[in-house]
**Student:** 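Attaching a single structure in structure tokens format; questions to follow.
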Amino acid sequence: MKKIMNTGLALSFALLLSACGMPSSEELTGDVKETQEKVKNVQVKVTGKEEGSSDYQVNGVQEFDFKSKAGYINTKMNGEELKMYHDGDETLAVAGEESTKVQGEEKKYAAALINNAMEFQQNPIRYYQKYDKNLLNEFDVTEKDKEYVLTFNGDKDKKQKIVAGDAKAYYKITNQGSDTAVDLDQDQIKGKDFSLVVTIDKETKQIKKVEKKQSYSVKVDGKTENSKSKQTYTYTYNQLDNVTKPKVEAKSAVASKDSSTETPSKEKQAAYAKEAGKYVDALIQATVYQNTDQFVAKHPNQQDKKQVKEKGEFQKSSFVEFFETNFKGALSSLSSNITDEQLNEVSSAFLKALSSTKYKIKDAAYSDEDDAYVVQVEIQGFNDASVLAEVMTPLAEKYQAGELSNEQLVNELINGVAKRYREPVELLPAKTVPVHVVRNGEQDYEVLMQDEYLLTFAQQS
């Protein structure tokens with residue numbers, strides 16, 4: 001799914017030039033707002049725990065396309081699975097073996113729930129700002145390796161106000177489609193505590209992870225219900241071909257079909273693991289080596305080669321697009337005049353360096369703990385950070401001495417990096433890494449985080 005490439009460029013500049021201090025809360029949240037608004041689609045992995053009238057563990061996946069406004073939520077609560085889909089025209093729900101088109105008040109509920117989740121996942125910081133206008137200034141900013149960490153530092157009153165506002169909005173949504181709906185007043189909801197920690201990628205300024213905790217009480221008909229929850233969201237951007245749309249089928253058809261959501265037998269798990277290994281092999285060919293013919297040849301689906309070819313072309317082009325976007329973003333503070341020709345020169349040179357790397361699919365097996373197929377890949381990559389430092393160190397010295405303007409620095413850097421990438425790179429000792437894969441149907445698979453293998457082909461330390 002995620003295609004990096006995090007070139008390490010921005011981080012290297014921060015270390016070499018020592019030119020920029022810690023951004024303020026307002027500056028960083030402003031950068032995040034601008035970046036998140038450019039996101040086309042997102043897949044979010046959700047884990048959490050709810051405590052209240054009933055306790056349950058939560059895990060699942062959410063997918064949203066911000067252009068088409070299509071949304072999909074797959075939630076497992078204590079093992080029971082619920083899927084919902086809404087795209088403005090059609091609303092679907094799947095619970096167990098029952099798959100139906102939703103109408104009437106239930107459609108309003110599902111649509112409202114998905115639209116609210118879509119608003120939250122596009123930018124959680126902006127989402128909570130509607131309850132606290134000064135929210136953007138109320139984060140402590142810290143650094144951790146290649147990340148910034150924003151921790152909400154609002155006082156007790158603001159925390160309670162945010163939780164109460166969010167709880168009221170939630171109850172308003174859940175009341176839709178209910179025959180016993182109760183419209184809660186603000187004084188019926190008491191916010192207790194709230195924490196929000198947002199992890200930001202230093203280079204892209206995209207949100208990588210959100211951890212939130214909140215607790216509140218609700219008083220209805222003289223009875224008080226307490227709620228306490230903890231959720232973690234992990235984000236992958238712009239990697240969806242389409243938002244997952246559940247199929248509406250008769251119960252008998254669903255029961256007789258080999259569904260990807262069923263728990264497969266040990267024999268099927270072994271067969272699917274083998275297919276997952278083939279998919280990772282194919283994906284590496286399309287991304288790292290830009291070879292769509294090999295993507296088709298190695299892909300587990302050999303029945304619909306036309307569709308497989310289209311997916312391979314998408315993976316191939318997206319890989320280059322994201323490398324160029326992140327490379328340009330890393331230099332955006334120095335120059336806004338980077339041309340497409342310059343980006344093409346760097347990306348083609350980077351691909352030249354990647355072409356000398358080696359890999360081997362070692363093993364694949366289903367993991368109950370991860371609820372995914374784990375493919376072990378042995379990779380001989382190169383030290384990308386070291387290659388970049390060779391070019392940047394002398395340029396940084398000239399820049400600090402005032403011998404180069406920002407534009408001159410960027411132009412010399414681009415030319416130097418492209419030239420160095422085209423020269424031989426030394427391969428590092430082989431390293432085996434796990435790649436997590438999920439099954440999306442018959443012979444259809446998806447890698448949740450392509451960084452799991454990409455960062456070993458082009459290592460950043």
**Student:** Is the backbone of Q315 close enough, under 3.5 Å, to the side chain of S318 for a donor and an acceptor to pair up by distance?
**Tutor:**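 Between the backbone of Q315 and the side chain of S318 there is no qualifying donor-acceptor contact (under 3.5 Å).
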
**Student:** Do the two ring centres, one from F152 and one from Y128, sit under 6.0 Å apart?
**Tutor:**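 Not close enough - the centres of the two rings lie 6.0 Å or further apart.
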
**Student:** Just by distance, do the side chain of D384 and the backbone of Q460 share a donor-acceptor pair under 3.5 Å?
**Tutor:**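 Checked: no pair found.
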
**Student:** Any side-chain donor-acceptor pair under 3.5 Å between Q342 and N411?
**Tutor:** yes

**Student:** To the nearest 0.5 angstrom, please state how far the OG1 atom of T339 sits from the NZ atom of K328.
**Tutor:**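 Between T339 OG1 and K328 NZ, I get 9.0 Å after rounding to 0.5 Å.
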
**Student:** Per the side chain to side chain contact (heavy atoms under 4.5 Å, CB included) rule, which among I414, L413, I338 passes with V346?
**Tutor:**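 Between V346 and the candidates, side chain to side chain contact (heavy atoms under 4.5 Å, CB included) is satisfied uniquely by I414.
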
**Student:** Identify whether the distance between the nearest side-chain nitrogen and carboxylate oxygen of K205 and E34 falls below 4.0 Å.
**Tutor:**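 So K205 does not pair with E34 through a salt bridge.
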
**Student:** Does E27 reach the main-chain N or O of S24 with its side chain, forming a donor-acceptor pair under 3.5 Å?
**Tutor:**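 Answer holds: yes.
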
**Student:** Looking at D293 and K309, does any basic side-chain N land under 4.0 Å from a carboxylate oxygen?
**Tutor:**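 Yes.
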
**Student:** Using 0.5 Å steps for rounding, measure from the CE atom of M118 to the CD1 atom of I114.
**Tutor:**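 Answer rounded to 0.5 Å: 7.5 Å.
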
**Student:** Does this structure show an ion pair linking K358 with E378, if we count only N-O contacts that are shorter than 4.0 Å?
**Tutor:** no

**Student:** Step by step, work out the side chain to side chain donor-acceptor pair (under 3.5 Å) result for Q290 and Q285.
**Tutor:** CA-CA 6 Å; Q290 298 284 285; Q285 287 292 323; over 6 Å; no

**Student:** Less than 4.0 angstrom from a charged side-chain N to a carboxylate O is my criterion; do D281 and K360 meet it?
**Tutor:** no

**Student:** Could you tell me how the ring of F350 sits relative to the ring of F319: parallel (under 30°), tilted (30 to 60°) or perpendicular (over 60°)?
**Tutor:** parallel

**Student:** Any side-chain heavy atom of P434 sitting closer than 4.5 Å to one from V375?
**Tutor:** no

**Student:** Distance-only, no hydrogens or angles: does the Q302 side chain make a donor-acceptor pair with backbone N or O of V296 under 3.5 Å?
**Tutor:**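 Pair found, side chain donor or acceptor close to backbone of V296.
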
**Student:** Look only at the side chain of K298 and the backbone of F295, and say whether a donor-acceptor pair between them is shorter than 3.5 Å.
**Tutor:**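 No, the answer is negative, given that no donor and acceptor are paired below the 3.5 Å cut-off.
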
**Student:** Using a strict threshold of under 4.0 Å (side-chain N to carboxylate O), is an ion pair present between K33 and E37?
**Tutor:** yes

**Student:** Is the ring centre of Y272 less than 6.0 Å from the ring centre of Y366?
**Tutor:**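 Here the rings of Y366 and Y272 have centres that are no less than 6.0 Å from each other.
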
**Student:** Indicate yes or no for a side-chain donor-acceptor contact from Q36 to the backbone of I207 under 3.5 Å, with no hydrogens or angles considered.
**Tutor:**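 Checked: pair present.
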
**Student:** Can you sort out the partners of K419 under side-chain contact (heavy atoms from CB on, under 4.5 Å), two or more places apart, ordered by chain and number?
**Tutor:** E423

**Student:** What pair of heavy atoms forms the shortest contact from T244 to Y85, and how long is it?
**Tutor:**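 Taking T244 first and Y85 second, the nearest heavy atoms are O-CD1, 3.2 Å.
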
**Student:** Where does the angle between the aromatic ring planes of Y359 and F457 fall among parallel (under 30°), tilted (30 to 60°) and perpendicular (over 60°)?
**Tutor:**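 Because their plane-to-plane angle is over 60°, the rings of Y359 and F457 count as perpendicular.
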
**Student:** Please name the pair of heavy atoms, one in V308 and one in N301, separated by the smallest distance, quoted to 0.1 Å.
**Tutor:**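 Scanning both residues completely, I find the closest heavy atoms to be CG2-O, 3.5 Å.
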
**Student:** Less than 6.0 angstrom from the centroid, inside 45 degrees of the normal: does K202 satisfy that with respect to the ring of Y148?
**Tutor:**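 The answer is yes; both the distance and angle limits are met.
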
**Student:** Examine K212 relative to F120 and say whether NZ or CZ is less than 6.0 Å from the centre of the six-membered ring and inside a 45° cone about the ring axis.
**Tutor:**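 Yes, cation above the ring, under 6.0 Å and within 45°.
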
**Student:** Which atom names give the shortest non-hydrogen contact between N383 and S386, and what distance separates them?
**Tutor:** OD1-N, 2.9 Å

**Student:** Check this for me, if you would: do R422 and E345 make a salt bridge, where the nitrogen-to-carboxylate-oxygen distance has to be below 4.0 angstrom?
**Tutor:**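 Salt bridge between R422 and E345, a charged N being under 4.0 Å from a carboxylate O: yes.
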
**Student:** Atom CZ in R126, atom CG in L136: separation rounded to 0.5 Å?
**Tutor:** 11.0 Å

**Student:** For a quick check under 3.5 Å, do T35 and Q206 share a side-chain donor-acceptor pair by atom type?
**Tutor:**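 Side chains of T35 and Q206: no pair found under 3.5 Å.
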
**Student:** Which atoms form the tightest heavy-atom contact between Y131 and A169, and what is the distance?
**Tutor:**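 Looks like OH-CB, 3.5 Å.
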
**Student:** Ignoring hydrogens and geometry beyond distance, is a side-chain donor-acceptor pair present between Y289 and T357 at under 3.5 Å?
**Tutor:** yes

**Student:** May I ask you to decide if T236's main-chain N or O and Q239's side chain share a donor-acceptor pair within less than 3.5 Å?
**Tutor:** no

**Student:** With rounding to the nearest 0.5 Å, note down the distance linking CG in N291 to NZ in K316.
**Tutor:** 7.5 Å

**Student:** Please walk me through it: do E390 and R420 pass salt bridge (Lys or Arg N to Asp or Glu O under 4.0 Å)?
**Tutor:** CA-CA 8 Å; E390 289 179 31; R420 180 62 188 89; 2.8 Å; yes

**Student:** Hey, does the side chain of N115 reach the backbone of A111 with a donor-acceptor pair shorter than 3.5 angstrom?
**Tutor:** yes

**Student:** Taking it one step at a time, do Y453 and T287 satisfy side chain to side chain donor-acceptor pair (under 3.5 Å)?
**Tutor:** CA-CA 11 Å; Y453 68 84; T287 54; 3.0 Å; yes

**Student:** Hey, mind stepping through N74 and Q62 against side chain to side chain donor-acceptor pair (under 3.5 Å) and telling me if it holds?
**Tutor:** CA-CA 6 Å; N74 182 333; Q62 299 179 1; over 6 Å; no

**Student:** Give the minimum heavy-atom separation between V438 and A372, together with the two atoms involved.
**Tutor:**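 V438 and A372 have their closest heavy atoms at CG1-CB, 4.3 Å.
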
**Student:** Hey, would you say the Y373 and Y279 ring centroids sit under 6.0 Å apart?
**Tutor:** no

**Student:** Can you list the residues that meet the side-chain contact (heavy atoms from CB on, under 4.5 Å) rule with V197, with sequence neighbours excluded?
**Tutor:**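 V149, T151, E211.
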
**Student:** Over all heavy atoms of both residues, which pair between Q121 and F64 is shortest? Give the atoms and the distance, please.
**Tutor:**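 Reported closest heavy-atom pair: CG-CE1, 3.6 Å.
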
**Student:** Is E147 salt-bridged to K208, going by a charged N under 4.0 Å from an acidic O?
**Tutor:**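 Yes, this pair counts.
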
**Student:** Judged by atom type as modelled, is there a donor-acceptor pair below 3.5 Å linking the side chain of N41 to the main-chain atoms of L240?
**Tutor:**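 Yes, because the side chain of N41 sits within donor-acceptor range (under 3.5 Å) of the backbone of L240.
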
**Student:** I'd like to know if the side chain of S355 and the backbone of K352 have a donor-acceptor N/O pair within less than 3.5 Å.
**Tutor:**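 Yes, the answer is positive, given that a donor and an acceptor are paired below the 3.5 Å cut-off.
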
**Student:** For atom CD of E26, is the number of surrounding heavy atoms from other residues, nucleotides or ligands below 6.0 Å larger than 12?
**Tutor:** no

